[in-house]
Amino acid sequence: MFKKIAYWYLKIVETICVFLLCVMLGCMCIQIGCRLLTIGQNFTEELARLSFSLLIFLGAPLALAEGADIAVDMVVNALPAPLKRGVDVLVDALIAVFSAFCIRSLITFTKSNVGVTAVSMTWIKMNWLYYAFMFSFGCLFVVAVAKGIAAIAKKPSVLDINAAEKERERLEEKEVDLGI
């Protein structure tokens, strides 16, 4: 049941991230076209910036769950399995604590920013963005705790939602390499 919920959550986040990437691309194309035609506009730069921020914060739990987060693990990989698992649990605990601090800070921040809007798009309330950040830090907290528990239980801590697709592509690539 938990894996199914996590799978669908991660698929939804992945879809939102792809949509935000398309919004950024569209904004850049509009910006280039407007510059060529010497048309003044302000909203594309700010919308691209807001989309990028949302993409990063919403994509962080997805990257952590799939094991695609950036980490320098040369020393950790050289450790024996029990120590490596201990370091993984420690890292997941630190990520969870960091997420909790960020949520607490964002709660304070949203209280002081009531009524603040985006500069060029006054219909966007900045607190909407901060609530999305708060949601993403909550998801990051849940993913970090789940990964820590999985590491303690000696289970795989990576949830790859595209594992079937990657395996199919790997098999197709293998067939091409063999000339079949």
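Worth knowing before you read on, the calculation uses all heavy atoms, side chains too, and leaves out hydrogens, waters and symmetry mates.
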Is it the case that more than 12 heavy atoms not belonging to E45 sit under 6.0 Å from its CD atom? no
pair L21-C17: side-chain heavy atoms closer than 4.5 Å: no
For V145 and D92: C-alpha separation, side-chain torsions, deciding distance, then whether side-chain contact (heavy atoms from CB on, under 4.5 Å) applies. CA-CA 7 Å; V145 169; D92 291 330; over 6 Å; no
Heavy-atom side-chain contact between L58 and L62 under 4.5 Å: no
What is the minimum heavy-atom distance between L55 and L20, and which atoms define it? N-CD1, 3.6 Å
Find the distance between OH (Y130) and CD1 (I107) and round it off to the nearest 0.5 Å. 15.5 Å
Please find the pair of heavy atoms, one from A48 and one from M24, that lie closest to each other, and give the distance. O-CG, 3.7 Å
Rounded to the nearest 0.5 Å, what separation is found between the CZ atom of R85 and the CG atom of L90? 14.0 Å
Test of understanding: clusters of I, L, V, M, F, W, Y form through side-chain heavy atoms closer than 4.5 Å, transitively. Do I56 and I103 belong to the same one? yes
Separation between CZ (F19) and CG (L54), nearest 0.5 Å, reads 10.5 Å
Is the number of heavy atoms from other residues, nucleotides or ligands within 6.0 Å of CH2 (W128) greater than 12? yes
Might you point out which heavy atoms bring L47 and C27 nearest each other, and give the distance in Å? CD2-SG, 3.6 Å
Linked, directly or transitively: V116 and Y131 (ILVMFWY side chains, under 4.5 Å): yes
Distance (rounded to the nearest 0.5 Å) between L140 CG and F135 CZ: 11.5 Å
Return the CE to OG distance between M134 and S105, rounded to the nearest 0.5 Å. 10.0 Å
Do the non-hydrogen side-chain atoms of M126 and L50 ever get within less than 4.5 Å of each other? yes
Would the distance check show the side chain of K147 and the main-chain N or O of L64 forming a donor-acceptor pair, the cut-off being under 3.5 Å? yes
What pairs of residues pass the ring pair (Phe, Tyr, Trp, His ring centres under 6.0 Å) test when at least one of them lies in residues 47-88, not counting sequence neighbours? F57-F133, F57-F137
Nearest 0.5 Å please: distance from the CD1 atom of I16 over to the OG atom of S136. 11.0 Å
Between L106 and V97, is there shared hydrophobic-cluster membership here, with clusters defined by ILVMFWY side-chain heavy atoms closer than 4.5 Å? no
Shared ILVMFWY cluster between V87 and V89, side chains joined below 4.5 angstrom? no
I need the full list of side chain to side chain donor-acceptor pair (under 3.5 Å) pairs touching residues 106-123, with sequence neighbours left out, sorted by first then second residue. E46-S120, R104-T108
Kindly work out whether a path of hydrophobic side-chain contacts (I/L/V/M/F/W/Y, heavy atoms less than 4.5 Å apart) joins F109 to V119. no
Minimum heavy-atom separation for I95 to A144, with atom names? CG2-CB, 3.7 Å
